[in-house]
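Below is one structure, written out as structure tokens, with a few remarks after it.
Both backbone and side-chain heavy atoms feed into the values below; hydrogens, waters and symmetry mates do not. A quick note: this is a predicted structure, and the numbers were derived from the prediction, not measured. Order of listing sets the numbers, starting from 1, for every ligand and every atom in it.
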Amino acid sequence: MKTLDVQAAYALLNDALMHYQGRPVGTVAALDPDGPAAANYEECFIRDFIPAALVFLNDGRSEIVRNFLETVLHLRTHGRLTAGHETQPGVMPASFKVVADAEGNESLTADFGERAIGRVAPVDSMMWWMLLLHAYAQSTGDTEFSERRELQRTMREIMELCLRDAFEVFPTLLVPDGSFMIDRRMGVYGHPLEIQALFYGVLQTAGEWLRPMPDAVAIIKAAMKRKQTLRTYVRIFYWLDLERLNEIHRFSVEEFGTGSVNMLNINPDSIPPRIEEWFPEQGGFFVGNLGPGRMDFRFFAQGNLLSVLFGLATEQQAHELFRLYDAKWDELVGHMPVKICYPALEGAAWHLLTGSDPKNVPWSYHNGGNWPALLWPFVAAALRAGRRDLAERACDLAGGRLLADQWPEYYDGKKGRLLGRRANINQIWSASSYILSRQLLEDESRLALFPRDPNA
Ligand code: GLC
């Protein structure tokens, strides 16, 4: 028997299905009766569709997921010329929609960043697509699908793109600002954690589903090597706990050569003074971004949670992350699970790093807002880390409120007590995230939908 909140979330999810030539191929981002906050919410966003897709898989409606995977793949193979350069094979759109002409003939249009607000690059789309392919194969046992030539080719192209070096020095993936869930300018360019966690999951997926045909052998080998170096690097250099903070506080700088300890030349004075007071005795997290002379000490939820889910974090780190959540529940979860990033950028930092973005004012939207869409990674990661208590606590906190507020996109305020100022209601991402969280709690074996290296 489904509870009222779950029933309502399902009703919304079913209403949101988007059809193309009679077949369901995705869901629109929001069904706000007053019209969504922006025109693009009528599109199907790849990242938004993930929890819905996982719900469909758990419910045995896998044909919707297969249709979606094929549709996005089809959009990808068309490629396109934008501003004098061709979108690389492997790149997938941020979103797509079905348009009908006067005669009712349907066609698909997609956004590869050339229409997106701020023209941001949807780097995470191809990664979520691969991860969903993994989930589809795991759930249905339909391995023939991923064996198909075009599927294998697409995976190869994605891997070639991710493994291609431009000016890299680090094993992490270099991306522009706003190339993932935070798709606005927020100082998240370079090597943001969320992309690294997704990248790690994708490398694992490639190892499992790419067939060692002659044209893939070298790619698989490179992917496995990269997976190891990425994992070691993130586990050491992104990790922050009290012990590490002490080390950084006493770092020497200007070390030249291969033997340096403070390799990235992080200046101890760049540690924000608030951190010393804020850090609990126990607990830790991965910092948001890392580059030359740069450690972004902000806490970004999605990257941390996916790191636990895909096993980029060690078991101990996973444990410590949830100790931190437990100790800092008010700040990192508050009244709505969970806060996207902590703390917010304020004053001059907001002005400089967001470009005075009015949507991202302190404690709103991406800049410290609380997002129900992050409930499912929280629940999944908490279960992985053996913290069922926190997973249940978060779900119980979210359900009634989301139902009463009609599935808003996000909440504002330090503790997430205010409905997001420009939030859509009936945001499908929020509703499907809630259903999926309940499904994971109901049956933990569903965690097998996500890739994980058993030997790491
Ligand atoms: C906003 C979010 C993005 C999401 C989109 C559709 O742009 O930042 O992550 O995919 O809305 O809901």
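Relative to the six-membered ring of Phe299, Arg274 misses at least one condition, a distance below 6.0 Å or an angle of at most 45° to the axis.
Donor-acceptor pairing under 3.5 Å is lacking for the side chains of Asp357 and Tyr365. Side-chain N/O atoms of Asp5 and Tyr434 include a donor and acceptor closer than 3.5 Å. No donor-acceptor contact under 3.5 angstrom links the side chains of Glu43 and Asn40, judged on distance only.
Residue contact check for ligand 1: Arg184 places no non-hydrogen atom closer than 4.0 Å to it. Within the 4.0 Å heavy-atom shell around ligand 1 one finds His366.
The pair Arg153-Glu157 meets the salt-bridge criterion, since a charged nitrogen lies less than 4.0 angstrom from a carboxylate oxygen.
The single protein non-hydrogen atom nearest to atom 9 (O) of ligand 1 is Met181 O, 2.8 Å, given as residue, atom name and distance.
Neither the backbone nor the side chain of Tyr410 has any atom closer than 4.0 Å to an atom of ligand 1 (non-hydrogen atoms only).
If you number the atoms of ligand 1 from 1 as listed, the ones under 4.0 Å from a heavy atom of Gln427 come out as 12 (O).
Nearest to atom 12 (O) of ligand 1 by heavy-atom distance, out of Asp183, Asp48, Ile117, Ile46, is Asp48. Across Tyr365, Trp429, Phe45, Trp371, heavy-atom proximity to atom 1 (C) of ligand 1 is greatest for Tyr365.
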Under 3.5 Å, which donor-acceptor pairs link side chains of residues 373-381 to any protein atom two or more places apart or in another chain?
none

